Amino acid sequence: MLTTIAPSEKSLESGLQHWLVFLNFVVQKLDLHKDDQGMDEDDREERRRLWWATYIIDRHAALSFNGRPRLTDQECSSLPTPCPDAIWDYPAPLPRSENRPPQSMVWRYQVHSLDMLGTFLPLSRILGDILEYRFLDDHPTFNTNRALLETSRTTIIQNLQLWFDSFESLVKPDFCRIAEPECELLPGGSKPAVAYYGLHMYHCMFVLLHGRMDVVRMYHDLQWQASPDFLKAGEHAVACANVAHHILRIDPRLSFMYRYFGTYFLQSSFIFLILAQKLGQQSDSLILRNCAINLQVLDKFVLATNMDYQRTFAELLRKALSHNMERSSQDQGHTYHDRTSPLEEVESHLDPEMLRYRWTPGFTGLWAHTKP
């Protein structure tokens with residue numbers, strides 16, 4: 001599991017997929033998804049926590065590398081969720097878990113505590129549902145059943161609402177206002193860093209659900225750009241940028257789960273790159289502001305991990321911002337006529353290196369080894 005949070009040298013990246021497969025094999029071989037009644041509660045809880053940590057990593061890796069989850073919800077449907085860290089870290093032995101709430105569907109999608117497992121486990125369940133929804137939507141046969149896809153998406157949105165309602169009850173409604181534009185004040189009270197990152201990931205779930213996940217797809221899909229899904233994805237991408245602005249305040253070096261955060265941040269940033277390139281000097285101040293925030297965060301990522309995709313995307317976003325500023329000053333008072341085709345625009349604006357990182361069938365997301 002350490003391979004997913006360690007600094008990402010190329011030698012580590014090349015073997016990461018194989019280590020993740022091995023990790024999943026080990027936890028299944030040890031039957032960690034089954035609650036062993038013959039053990040004392042501390043040993044049972046340790047097994048649960050190992051399983052659920054691997055479960056979260058499995059879904060994160062599936063998004064990062066454009067795959068499907070390997071660990072299924074069916075095999076761990078009866079396994080209790082982990083107890084809060086405050087209870088787990090207490091020196092006294094844990095009480096038996098018979099008094100835990102039943103594992104109903106509502107409980108599965110609620111925030112249990114403001115710690116890593118309690119906050120991100122329900123979102124990771126939802127992420128798995130989104131990835132399966134995207135797989136069906138891309139499948140040449142399954143995507144013909146629009147009623148099934150719409151039902152699946154409605155269920156995902158309902159589960160996201162369950163997560164948000166429980167999260168809001170723990171952090172108080174004022175905290176969630178950091179996702180709103182122009183909210184410059186830090187929320188009152190001392191909130192753990194996981195609350196900021198959890199709120200960002202929550203809004204990114206909507207970007208993944210209503211967006212296209214792939215930057216080139218987003219650029220070309222004019223039908224999507226004219227749909228309500230585009231507006232919904234854009235609305236939550238704005239929220240992601242606002243939360244990222246506050247994350248830089250409370251965690252300026254992005255030292256808290258930087259590897260985990262990186263994939264979601266990248267997905268939430270694609271839409272602003274596209275808007276900046278499509279609109280050019282017509283980009284409004286909100287778009288440019290969000291691009292600037294995202295560029296600040298990317299620069300911090302480059303300092304922390306120096307991964308190829310982070311450097312590439314930072315360069316691309318910086319080019320788009322500088323190009324817009326230059327073109328705005330040159331074309332001030334004149335009408336700008338764009339005579340390039342959509343494909344020519346992509347080739348002129350998207351760095352060829354960025355075309356290695358794609359979330360379409362046949363590509364492997366961030367796991368890119370060959371030139372496009």
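For the single chain, residues carry numbers from 1 onward in sequence order. Just so you know, these numbers come straight off a predicted model, no measurement behind them.
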A.B. asks: Does any non-hydrogen side-chain atom of Asn143 lie less than 4.5 Å from one of Arg146?
C.D. replies: yes
A.B. asks: Given side-chain contact (heavy atoms from CB on, under 4.5 Å), test Asp115 with Trp88 step by step and report yes or no.
C.D. replies: CA-CA 11 Å; Asp115 52 44; Trp88 174 241; over 6 Å; no
A.B. asks: Just wondering, do Thr360 and Asp138 contact through their side chains at under 4.5 Å, heavy atoms?
C.D. replies: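 They are not in contact (no side-chain heavy atoms under 4.5 Å apart), so the answer is no.
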A.B. asks: List the steps, then state whether side-chain contact (heavy atoms from CB on, under 4.5 Å) holds for Lys172 with Glu168.
C.D. replies: CA-CA 5 Å; Lys172 307 306 179 188; Glu168 192 176 50; over 6 Å; no
A.B. asks: Find the distance between NE2 (His246) and NZ (Lys191) and round it off to the nearest 0.5 Å.
C.D. replies: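 Rounded to the nearest 0.5 Å, the NE2-NZ separation comes out at 13.5 Å.
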A.B. asks: Cluster question for you: counting only ILVMFWY and a side-chain heavy-atom cut-off of under 4.5 Å, with indirect links fine, are Trp52 and Met39 together?
C.D. replies: no
A.B. asks: Using a 3.5 Å distance criterion without hydrogens, assess whether the side chain of Asp251 forms a donor-acceptor pair with backbone atoms of Ile247.
C.D. replies: no
A.B. asks: Could you tell me how the ring of His33 sits relative to the ring of Trp51: parallel (under 30°), tilted (30 to 60°) or perpendicular (over 60°)?
C.D. replies: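 Ring orientation of His33 relative to Trp51: tilted.
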A.B. asks: Hey, can you tell me if Trp163 and Phe167 have their rings parallel, tilted or perpendicular (30° and 60° cut-offs)?
C.D. replies: parallel
A.B. asks: I'd like to know whether Trp224 forms a ring-ring contact (aromatic ring centres under 6.0 Å, His included) with Phe230, so could you lay out the CA-CA distance, the side-chain angles of the two residues, the decisive distance to 0.1 Å, and finally the verdict.
C.D. replies: CA-CA 6 Å; Trp224 171 71; Phe230 176 81; 5.0 Å; yes
A.B. asks: Taking all heavy atoms of Arg59 and all of Leu127, pick out the closest pair and write down the distance.
C.D. replies: O-CD2, 3.5 Å
A.B. asks: Would you name the heavy atoms of Ser77 and Arg108 that are closest together and state the gap between them?
C.D. replies: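 So the two residues come closest at CA-NH1, 3.9 Å.
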A.B. asks: Are Ser152 and Asp129 side-chain neighbours, meaning at least one heavy-atom pair lies under 4.5 Å?
C.D. replies: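 Contact flag for Ser152/Asp129 side chains = no.
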A.B. asks: Determine, step by step, whether Leu50 and Leu30 satisfy the side-chain contact (heavy atoms from CB on, under 4.5 Å) criterion, reporting the C-alpha distance in whole Å, the side-chain angles of both residues, the deciding distance to 0.1 Å, and the verdict.
C.D. replies: CA-CA 11 Å; Leu50 284 170; Leu30 293 174; over 6 Å; no
A.B. asks: Please check: side-chain N/O of Asn294 versus main-chain N/O of Ala241, any donor-acceptor pairing under 3.5 Å?
C.D. replies: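 No, Asn294 side chain to Ala241 backbone: no donor-acceptor pair under 3.5 Å.
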A.B. asks: What I want to find out is whether Asp299 reaches Arg318 closely enough, with some N-O distance under 4.0 Å, to be called a salt bridge.
C.D. replies: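 Yes, charged N to carboxylate O under 4.0 Å.
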A.B. asks: Rounded to the nearest 0.5 Å, what's the gap from CE on Met213 to CD on Gln267? Could you check?
C.D. replies: 5.0 Å
A.B. asks: Is there a chain of hydrophobic side chains (I, L, V, M, F, W, Y, each step under 4.5 Å between heavy atoms) that links Met354 to Val302?
C.D. replies: no
A.B. asks: Write down the atom of Ala276, the atom of Ala320, and the distance for their closest heavy-atom approach.
C.D. replies: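 Scanning both residues, the minimum pair turns out to be CB-CB, 4.5 Å.
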A.B. asks: Count I, L, V, M, F, W, Y as connected when their side-chain heavy atoms are under 4.5 Å apart, and connections chain through other members. Are Val21 and Val26 then in the same cluster?
C.D. replies: no
A.B. asks: If you take all heavy atoms of Asn242 and Pro181, which pair is closest and at what distance?
C.D. replies: ND2-N, 3.2 Å
A.B. asks: Under 4.5 Å between side-chain heavy atoms, counting indirect links through other Ile/Leu/Val/Met/Phe/Trp/Tyr residues: same cluster for Phe301 and Leu303 or not?
C.D. replies: no
A.B. asks: Between Pro361 and Asn66, which heavy-atom pair has the shortest distance, and what is it?
C.D. replies: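 The pair with the smallest heavy-atom distance is N-ND2, 4.4 Å.
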A.B. asks: Is there a side chain to side chain donor-acceptor pair (under 3.5 Å) between Asp165 and Ser169? Walk through the geometry before answering.
C.D. replies: CA-CA 6 Å; Asp165 290 342; Ser169 69; over 6 Å; no
A.B. asks: Give me the one residue out of Ile156, Leu160, Ile130 that meets side chain to side chain contact (heavy atoms under 4.5 Å, CB included) with Phe206.
C.D. replies: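 Of all the options given, the one that passes is Leu160.
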A.B. asks: Between Leu321 and Leu295, what is the shortest heavy-atom contact and its length?
C.D. replies: CD1-CD2, 4.0 Å
A.B. asks: Is any side-chain heavy atom of Pro93 closer than 4.5 Å to a side-chain heavy atom of Asp40?
C.D. replies: no
A.B. asks: Can you tell me how far the CD1 atom of Ile293 sits from the CG atom of Leu288, to the nearest 0.5 Å?
C.D. replies: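 These two atoms lie 11.5 Å from each other.
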A.B. asks: So Phe265 and Cys204, side-chain contact (heavy atoms from CB on, under 4.5 Å) or not? Walk me through it.
C.D. replies: CA-CA 8 Å; Phe265 177 78; Cys204 186; over 6 Å; no
A.B. asks: If hydrophobic clusters are built from ILVMFWY residues whose side chains come within less than 4.5 Å, do Leu71 and Tyr133 share one?
C.D. replies: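 Result: yes, single cluster for both.
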A.B. asks: Can you say whether the rings of Tyr197 and Phe261 are parallel (under 30°), tilted (30 to 60°) or perpendicular (over 60°)?
C.D. replies: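 Correct class here is perpendicular.
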A.B. asks: Tell me whether Glu75 contacts the main-chain N or O of Thr72 through its side chain, where contact means a donor paired with an acceptor under 3.5 Å.
C.D. replies: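 The answer is yes, because a donor-acceptor pair under 3.5 Å joins these two groups.
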A.B. asks: Please check if the side chain of Asp221 supplies one atom and the backbone of Arg217 the other of a donor-acceptor pair under 3.5 Å.
C.D. replies: no
A.B. asks: Side chains of Val194 and Phe256: does their closest heavy-atom pair fall under 4.5 Å?
C.D. replies: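 Touching, per the 4.5 Å side-chain cut-off.
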A.B. asks: Hey, does Leu199 have a side-chain heavy atom less than 4.5 Å from the side chain of Phe175?
C.D. replies: yes
A.B. asks: With no hydrogens and no angle check, just 3.5 Å: does a side-chain donor-acceptor pair link Tyr55 and Asn24?
C.D. replies: no
A.B. asks: Which pairs pass salt bridge (Lys or Arg N to Asp or Glu O under 4.0 Å) with one or both residues in residues 49-58, sequence neighbours excluded?
C.D. replies: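 Qualifying pairs: Glu45-Arg49, Arg49-Asp85.
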A.B. asks: Given 3.5 Å as the limit, does a donor-acceptor pair link the side chain of Asp214 with the main chain of Trp359, or not?
C.D. replies: yes
A.B. asks: Hey, can you tell me if Tyr260 and His60 have their rings parallel, tilted or perpendicular (30° and 60° cut-offs)?
C.D. replies: tilted
A.B. asks: Does any donor atom in the side chain of Asp229 or Ser227 lie under 3.5 Å from an acceptor atom in the other side chain?
C.D. replies: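 Asp229 vs Ser227: no donor-acceptor pair found between side chains.
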A.B. asks: Just verifying a value: how many Å separate Leu131 CG and Ile126 CD1, rounded to the nearest 0.5 Å?
C.D. replies: 12.0 Å
A.B. asks: Heavy-atom distance under 4.5 Å between the side chains of Val207 and Tyr264, does that happen here?
C.D. replies: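 They are not in contact (no side-chain heavy atoms under 4.5 Å apart), so the answer is no.
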A.B. asks: Are the side chain of Arg134 and the backbone N or O of Leu208 linked by a donor-acceptor pair below 3.5 Å?
C.D. replies: yes
A.B. asks: Starting at NE2 of His236, measure out to CD1 of Ile271 and round the result to the nearest 0.5 Å.
C.D. replies: 11.0 Å
A.B. asks: Looking only at side chains, do Thr155 and Gln158 share a donor and an acceptor under 3.5 Å apart?
C.D. replies: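 No, no side-chain donor-acceptor contact under 3.5 Å.
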A.B. asks: Between the side chains of Arg44 and Asp35, is the shortest nitrogen-to-carboxylate-oxygen separation below 4.0 Å, so that they form an ion pair?
C.D. replies: yes
A.B. asks: Do Arg47 side-chain atoms and Asp31 backbone N/O form a donor-acceptor pair below 3.5 Å?
C.D. replies: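 Judged by distance alone, yes, a pair lies under 3.5 Å.
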A.B. asks: Is the backbone of Val111 close enough, under 3.5 Å, to the side chain of Ser166 for a donor and an acceptor to pair up by distance?
C.D. replies: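 Answer holds: yes.
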A.B. asks: Taking the six-membered ring for Trp, are His200 and Tyr196 ring centroids under 6.0 Å apart?
C.D. replies: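 Between Tyr196 and His200, which both carry aromatic rings, the centre distance is not below 6.0 Å.
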A.B. asks: Taking Asn290 for the side chain and Val238 for the main chain, is one N or O donor matched with an acceptor at less than 3.5 Å?
C.D. replies: no
A.B. asks: Only one of Tyr219, Tyr309, Phe313, Tyr357 clears ring-ring contact (aromatic ring centres under 6.0 Å, His included) with Phe270; which?
C.D. replies: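 With Phe270 as partner, Tyr219, Tyr309, Phe313, Tyr357 yield a single ring-ring contact (aromatic ring centres under 6.0 Å, His included), made by Phe313.
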A.B. asks: Look up atom OH in Tyr109 and atom CG in Leu162, then write down how far apart they are to the nearest 0.5 Å.
C.D. replies: 9.5 Å
